[in-house]
Asker: 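Take this structure, written in structure tokens, and hold onto it; I'll ask about it next.
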Amino acid sequence: MKVYENLRDKEIIRKVNEVFYEKVYEHPWLSLYFKDVTQEFITSQQTDFITGAAGGPSKFSGRMPSNAHPHMFITEELYDLRTQLLKEAMQEVNAPIELQDFWLKLDESFKNKIVKNSLSECEKRFTTDELLIFENPDTHKKAA
Ligand code: HEM
């Protein structure tokens with residue numbers, strides 16, 4: 001995997017994630033899912049995950065994305081909204097196109113595992129887990 005090797009700026013993945021999670025934590029809907037996780041933690045964890053996947057140092061020791069979200073009600077609308085924020089973050093920091101393509105394809109490959117079509121597809125990982133189910137607070141949408 002040469003994506004990491006080809007990066008002139010090895011800090012670019014962290015830079016993308018810093019801007020990306022700034023947007024996530026400011027977002028009225030997406031931010032609700034992150035209420036129990038600090039921005040610093042998820043920024044570092046996601047940086048380690050993408051860095052490792054791109055062929056860089058493998059520091060990531062968390063769960064694979066397919067096992068990290070079973071208790072979250074993530075609709076396709078929410079998923080696509082997250083992708084949009086990620087694209088904006090990558091463009092704002094001028095991430096190389098090769099990295100952008102790799103990152104978006106990687107995320108896309110987990111989409112089916114993460115997106116739920118109904119509430120019944122959500123399950124707790126542990127008994128202490130709280131299901132995370134939030135409606136889109138965008139009132140304009142509801143009125144339509
Ligand atoms: C709308 C979509 C998504 C939402 C709302 C979301 C939300 C979250 C939250 C809240 C956590 C923290 C969980 C915890 O610490 O208990 C998390 C962890 C994580 N997410 Fe996502 N996520 C989304 C999509 C994705 C995608 C597309 C990927 C990558 C393909 C991804 C990769 C990860 C990884 C690697 C972790 C860390 C897993 C762990 O160590 O437990 N997520 N996500």
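Just so you know, residue 1 is the first one in the sequence shown, and it goes up from there. For ligands, and for the atoms within them, numbers begin at 1 and follow the listed sequence.
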Asker: Could you tell me whether a side-chain N or O of His27 sits under 3.5 Å from a main-chain N or O of Leu30, the two making a donor and an acceptor?
Answerer: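 Such a contact is found between His27 side chain and Leu30 backbone.
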Asker: Against heavy atoms of Arg125, which atoms of ligand 1 measure under 4.0 Å?
Answerer: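 Within the 4.0 Å cut-off of Arg125, ligand 1 contributes 16 (O).
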Asker: Check for me, please, whether Met72 and Met64 land in the same ILVMFWY cluster - side-chain distances under 4.5 Å, paths through other members count.
Answerer: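 Linked within one cluster.
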Asker: On the 0 to 90° scale, with breaks at 30° and 60°, tag the Phe49-Phe60 ring pair as parallel, tilted or perpendicular.
Answerer: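 Because their plane-to-plane angle is over 60°, the rings of Phe49 and Phe60 count as perpendicular.
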Asker: Look only at the side chain of Glu121 and the backbone of Asn117, and say whether a donor-acceptor pair between them is shorter than 3.5 Å.
Answerer: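 The answer is yes, because a donor-acceptor pair under 3.5 Å joins these two groups.
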Asker: Against heavy atoms of Tyr79, which atoms of ligand 1 measure under 4.0 Å?
Answerer: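 So the answer, numbered in order with elements, is 1 (C), 27 (C).
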Asker: At a 4.0 Å threshold, what atoms of ligand 1 neighbour a non-hydrogen atom of Phe60?
Answerer: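 Heavy-atom distances to Phe60 below 4.0 Å select 35 (C).
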Asker: Specify the protein heavy atom at minimum distance from atom 2 (C) of ligand 1: its residue, its atom name, and the distance to 0.1 Å.
Answerer: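 Ranked first by proximity to atom 2 (C) of ligand 1 is Arg82 CD, 3.3 Å.
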Asker: Check each atom of ligand 1 against the heavy atoms of Val37 and keep those under 4.0 Å away; list them by number with element.
Answerer: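 Those of ligand 1 that fall under 4.0 Å from Val37 are 12 (C).
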Asker: For residues Tyr33 and Leu132, report the shortest heavy-atom separation together with the two atoms involved.
Answerer: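 It is CE2-O, 3.6 Å.
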Asker: May I have the step-by-step check of salt bridge (charged side-chain N to carboxylate O under 4.0 Å, His left out) for Asp80 and Lys111, ending in yes or no?
Answerer: CA-CA 9 Å; Asp80 291 348; Lys111 183 170 182 176; 3.0 Å; yes
Asker: Tell me which protein heavy atom sits closest to atom 4 (C) of ligand 1, plus the residue, atom name and distance to 0.1 Å.
Answerer: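 For atom 4 (C) of ligand 1, the nearest protein heavy atom comes out as Ile74 CD1, 3.7 Å.
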Asker: Does Ala95 offer a backbone N or O that forms a donor-acceptor pair with the side chain of Gln100 under 3.5 Å?
Answerer: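 Yes; judged by distance alone, with no hydrogens or angles, the pair exists.
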Asker: Note the single closest protein heavy atom to atom 40 (O) of ligand 1, along with its residue, its atom name and the distance in Å.
Answerer: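 Heavy-atom neighbour on the protein nearest atom 40 (O) of ligand 1: Gln45 NE2, 2.7 Å.
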Asker: What pairs of residues pass the salt bridge (Lys or Arg N to Asp or Glu O under 4.0 Å) test when at least one of them lies in residues 91-106, not counting sequence neighbours?
Answerer: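 Residue pairs passing salt bridge (Lys or Arg N to Asp or Glu O under 4.0 Å), neighbours aside: Lys23-Glu92.
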Asker: Tell me which protein heavy atom sits closest to atom 29 (C) of ligand 1, plus the residue, atom name and distance to 0.1 Å.
Answerer: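 Nearest neighbour among protein heavy atoms for atom 29 (C) of ligand 1, to 0.1 Å: Asp107 OD1, 3.5 Å.
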Asker: Between Lys87 (side chain) and Leu104 (backbone), is there a donor-acceptor pair under 3.5 Å?
Answerer: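 Such a contact is absent between Lys87 side chain and Leu104 backbone.
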Asker: Polar contacts were defined as any N/O atom of the residue lying under 3.5 Å from an N/O atom of the ligand; does this apply to Tyr33 and ligand 1?
Answerer: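 No.
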Asker: If Ile, Leu, Val, Met, Phe, Trp and Tyr residues are connected whenever their side-chain heavy atoms lie under 4.5 Å apart, and connections chain through other members, are Ile97 and Leu99 in the same group?
Answerer: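 Result: no, two separate clusters.
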Asker: Are Lys35 and Glu130 within salt-bridge range, i.e. N to O under 4.0 Å?
Answerer: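 So Lys35 pairs with Glu130 through a salt bridge.
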Asker: Excluding waters, how many protein N/O/S atoms sit closer than 2.8 Å to atom 21 (Fe) of ligand 1?
Answerer: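 Excluding waters, the total comes to 1.
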Asker: Please list the nearest protein heavy atom to atom 7 (C) of ligand 1 with its residue and the distance rounded to 0.1 Å.
Answerer: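 Protein heavy atom at minimum distance: Phe34 CZ, 3.3 Å.
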Asker: Do any nitrogen or oxygen atoms of Arg63 lie less than 3.5 angstrom from nitrogen or oxygen atoms of ligand 1?
Answerer: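 N/O-N/O distance under 3.5 Å: yes.
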